[in-house]
Amino acid sequence: MPELPEVETVVRGLRAPLAGRTITAMTCDWPGSLATPDGPLFAALVAGQPVRSVDRRGKYILIRLDPDTLIIHLKMTGRLYVVPDAAQDHADRWVHVTFQLDNAYQLRFSDARKFGRVALVRDPAEVLGDLGPEPLDDAFTLDAFRERIARRAGQLKPLLLNQTFLAGMGNIYVDEALWTSRLHPLSRADTLSGDDVTRLYAAIRQVLSEGIVREGASVNWYRKPDGTKGSAQYTLSVYGRAGQPCRRCRHPIERIVVGQRGTHFCPACQTRSPG
DNA sequence: CGGACAACCTGGCGGC
DNA sequence: TGCCGCCAGGTTGTCC
């Protein structure tokens, strides 16, 4: 659920409360939430490290400490927020990792389904691995996208979900980008025309940018660090709209499964490219 | 290399 | 009202 716009919103919301702070201690009640290192070592290493910056790479949150970096992936139900030590937040029934700050506030990691992971590493590359380009970076130009997709042949839906192809898209924004560019999720990358690629590139940037402006889509679990919902869920065109009329042509939106993922599209105006 | 699929988890919901 | 069973999806890992 938390995809690039949601993670970006979380990062922006954490910058102010974490600025200038130092982590003094860490506690964890579910060892599985810690990717690396294990609990005792993690706690010993992180204590005393100051926060230098809060950044995002794909769907990863990078809290750069000194000398290590805290890397958090929210997966489906993860939440990250800063509250006073004594605060009782509604998400606290799922809090598994708590970082004590030096100002009587805490950074809490809540995760109902326990899929999310928190890592502490010297070099972020240890965790990030082979991530694709950032779709909203200036360096990610139409030409760069054209060159990248020219080397692929598979179906568009799984391709756009592949984080080594492009970092940050998830099930919601992939479906939205394909609808916006009028491309069928089962179309193959090697059948796209030059114009198809141009529209897809523009659609990816557009849906992600709008998602950020709306502070993310709170389809179910996602919340901003202040606990409130984003508003991108109100303007989705296909995701979660099976059976409802297409906003463009009124034909009912269809839901199929592609690569084990629920996939929403308009069978009337999202065409499969010839070939 | 790519496609298929299980595993990781549990809240929420539909069905009865 | 209560219980059962299934679905949701990001990523990794395994198998063919």
Side-chain angles (χ1 to χ4, degrees), chain A residues 1-11 28-36 56-62 71-80 89-97 109-119 121 124-132 134-135 148-178 185-191 208 211 216-223 229-230 232-233 236 238-243 253 255-265:
Chain A
M1 296 274 152
E3 307 178 27
L4 189 154
E6 289 75 29
V7 177
E8 178 65 26
T9 302
V10 170
V11 162
C28 171
D29 76 349
W30 182 260
S33 293
L34 301 181
T36 185
R56 177 190 60 76
R57 177 75 175 97
K59 300 173 191 170
Y60 291 91
I61 295 163
L62 285 78
I71 303 183
I72 298 109
H73 198 303
L74 303 175
K75 292 288 177 81
M76 259 80 72
T77 58
R79 293 183 192 173
L80 202 56
D89 189 277
H90 67 287
D92 287 357
R93 56 187 285 206
W94 304 295
V95 166
H96 298 306
V97 187
F109 173 69
S110 166
D111 189 14
R113 287 183 63 184
K114 300 177 177 172
F115 277 25
R117 292 291 182 271
V118 179
V121 292
E126 291 175 39
V127 174
L128 302 182
D130 184 27
L131 272 186
E134 280 294 324
R148 203 166 180 81
I149 202 168
R151 288 184 260 122
R152 299 295 188 136
Q155 296 171 335
L156 292 180
K157 171 85 182 203
L159 179 62
L160 295 175
L161 285 174
N162 184 342
Q163 302 299 297
T164 67
F165 176 71
L166 195 57
M169 304 273 285
N171 211 38
I172 296 174
Y173 293 95
V174 165
D175 283 2
E176 294 300 308
L178 289 171
L186 296 176
S187 282
R188 295 193 164 267
D190 58 358
T191 66
L208 293 177
S218 293
V219 169
N220 44 34
W221 284 91
Y222 163 72
R223 294 293 183 278
K229 296 185 178 188
Q233 67 275 19
L236 297 179
V238 282
Y239 185 87
R241 295 194 66 241
I253 298 301
R255 182 186 186 278
I256 60 176
V257 175
V258 181
Q260 299 168 283
R261 294 300 145 84
T263 297
H264 316 72
F265 71 106

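In what follows, chains are A, B, ... by sequence order, proteins preceding strands, each numbered from 1. All heavy atoms count here, side chains included; hydrogens, waters and symmetry mates do not.
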* What is the distance from CD of A:Gln155 to P of B:dG2, rounded to the nearest Å? -> 12 Å
* **Length of the CZ-P vector between A:Arg261 and B:dC5, whole Å** => 13 Å
* For A:Ile71 and C:dT11, give me the distance from atom CD1 to atom P, rounded to whole Å. => 14 Å
* To do: Measure from NZ on A:Lys114 to P on B:dG11 and round the result to the nearest Å.
  => 8 Å
* To do: May I have the distance from A:Gln260 (atom CD) to C:dT12 (atom P), rounded to whole angstrom?
  => 15 Å
* To do: State which of C:dG10, C:dA8, B:dG2 makes the closest approach to the side chain of A:His73.
  => C:dG10
* For the side chain of A:Trp94, starting at C-beta, report the closest nucleotide among C:dA8, C:dG10, B:dG11. => B:dG11
* Asked: Nearest of C:dT11, B:dG11, C:dA8 to any side-chain atom of A:Lys75?
  -> C:dT11
* If only side-chain N and O atoms of A:Arg255 are considered, is one of them under 4.0 Å from the OP1 or OP2 phosphate oxygen of C:dC7? -> no
* Asked: Does A:Leu128 or A:His264 map to a spot on DNA chain C nearer the 5' end, using the closest nucleotide for each?
  -> A:His264
* Donor/acceptor link under 3.5 angstrom from A:Arg93 side chain onto base of B:dT10 -> no
* Taking atom P in both C:dC4 and B:dC8, what distance in whole Å separates the two? -> 22 Å
* So what does A:Gly262 touch, heavy atoms closer than 4.0 Å: a base, only the sugar-phosphate, or nothing? -> sugar-phosphate
* Flag the pair A:Leu160 / A:Phe165 as yes when at least one side-chain heavy-atom distance between them is below 4.5 Å, and no otherwise. => yes
* To do: Please confirm whether the backbone N or O of A:Leu186 pairs with a side-chain atom of A:Arg188, one donor and one acceptor, at under 3.5 Å?
  => no
* To do: Return the value, rounded to whole Å, for the distance between atom CG of A:Leu159 and atom P of B:dC1.
  => 14 Å
* Asked: Excluding sequence neighbours, so at least two apart, what forms side chain to side chain donor-acceptor pair (under 3.5 Å) with A:Gln163?
  -> none
* B:dC9 C1' sits how many Å from A:Trp30 CH2, rounded? -> 8 Å
* Asked: Which word best sums up how the rings of A:Trp30 and A:His96 line up, parallel for under 30°, tilted for 30 to 60°, or perpendicular for over 60°?
  -> tilted
* Asked: Choosing from B:dG3, B:dC9, C:dA8, which nucleotide comes nearest the side chain of A:Phe115?
  -> B:dC9
* **Value in whole Å for how far the P atom of C:dT12 lies from CZ of A:Arg117** => 11 Å
* Asked: Does A:Glu3 come within less than 4.0 Å of A:Lys59, counting only side-chain N to carboxylate O?
  -> no
